[in-house]
Amino acid sequence: MSAALTQGFELMLFGMGGVFAVLFLIYLVCIALNRIFSGKPKE
Amino acid sequence: MDTIIQTVTSITWQQIVMMVIGGVLMYLGIKKNYEPTLLVPMGLGAILVNFPMTGVLTQTINGQKTEGVLDVLFNAGITTELFPLLIFIGIGAMIDFGPLLSNPFMLLFGAAAQFGIFFVVIVALLFGFNINEAASIGIIGAADGPTSIFVSNQLAPNLLGPIAIAAYSYMALVPIIQPMAIKLVTTKKERRIRMEYQAESVSKQTRILFPIIITIIAGLVAPVSLPLVGFLMFGNLLRECGVLDRLSNTAQNELVNIVSILLGLTISVKLTAGSFLKVQTLMIIAFGLVAFIMDSIGGVLFAKFLNLFRKTKINPMIGAAGISAFPMSSRVIQQMAQAEDKQNFVLMYAVGANVSGQIGSVIAGGLLLGFFS
């Protein structure tokens, strides 16, 4: 059981860390895209 | 007459219970309008697959093996992952990433609100499920039916039936689950926080490049998630490129409709009495609820954490919108905000968090698969 739990916590760290890392990367991409191809503000 | 007597006498009470469950699923879909596109086909499917001696499932009748039509569909569409992926093209074509692109900060909530997935993995392990099964149960917290089916079919195909039912049922119950979970961890004052929205237009180039770059990032960083992300983004590219409106409309309507019919009916292969009526099923359904609640709580607590460092406060309810159930979750958050303060309009932020939940859930699904590959 403890080995499975350890694996579970590893999965949690890997998963949450991975999701945050990938989405943060996408966040940076969005900022870069908005800077390079800035749209005109809506009236 | 003999055939009727033989059929009636060979039906077990467990099969009758499954037919009643099928009836309940159809009732929820038709009468309560809970995800009818999936629950109605699954409901009738549950009745179909629990009749003995039919050609619906592969069965041996009088020593002769007959291949069932639903098994043929299952092997073609679910085992190969084809149906969930085709649905992703349609979902991608339906999503407008504009609110997210104009407020990319909302992406972080799409990550935080995946917490329920991993929380439930630990809970399921504590209740004796093995790590593959626990991960499959956790993915219910992605609040995304096709992702749940895609992941559980690879990690624990034996649990596919209850997982699909839990995923779709709880998605329909978001308006009940989320307010309860949010109120547990927020004060009235926090729910009244106003967020000024400044509409910024997003350029066409950004909209076109976004799905292409996300596909490349997924391929490099989380390759196992690429089928999910790639098909989702392909659908979005059809929508945004501006020259494929006909294909985009087909993906949003005909493709999704046809595959939904087949998916709902085909999933019912896993709704036979023998594979569904177990204590495990009840546990999976209970854990699915926990996953949805912890998703919402994870998102809200993350927003509250960010507020510790921010001058302009975020309404913490926005964090709960980071789940994949779109657009239901963002609507719920807006309704809750207006229930506290009629002049509070947080919808566009909630929509941004909600579409980032779509991306977050597929990335989480891909990472779960990546962990085991």
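So that the names make sense, note that chain A is the first sequence line, chain B the second, and so on, each numbered from 1. Reckoned from all heavy atoms, side chains included, excluding hydrogens, waters and symmetry mates.
B/Gly360 and A/Leu23 get closest at one heavy-atom pair: CA-CD1, 3.9 Å.
The distance from atom CG of B/Leu101 to atom CD1 of A/Ile31, rounded to the nearest 0.5 Å, is 11.5 Å. Between B/Ile214 atom CD1 and A/Cys30 atom SG the span is 6.0 Å, to the nearest 0.5 Å. Taken to the nearest 0.5 Å, the CZ atom of A/Phe37 stands 6.5 Å off from the OG1 atom of B/Thr206. Taken to the nearest 0.5 Å, the CD1 atom of B/Ile122 stands 7.5 Å off from the CG atom of A/Leu11. Annotation: the span from A/Met12 atom CE to B/Phe119 atom CZ amounts to 7.0 Å, rounded to 0.5 Å.
The side-chain heavy atoms of B/Phe118 and A/Leu13, taken from C-beta on, include no pair separated by under 4.5 Å. You'll find the side chain of B/Leu107 stays beyond 4.5 Å of the side chain of A/Phe24, heavy atoms only.
Of the listed residues (B/Leu209, B/Asn130, B/Leu100), the greatest number of heavy-atom pairs within a distance under 4.5 Å of chain A belongs to B/Leu209. Between chain A and the residues B/Val121, B/Ile213, B/Ile131, B/Ile117, the largest count of heavy-atom pairs under 4.5 Å involves B/Ile131. Counting heavy-atom pairs closer than 4.5 Å to chain B, the top residue among A/Leu28, A/Leu33, A/Val22, A/Leu25 is A/Leu33.
Ring-plane geometry between B/Phe105 and A/Tyr27 is classed as perpendicular, the angle between the planes exceeding 60 degrees on a 0 to 90 degree scale with a lower cut at 30.
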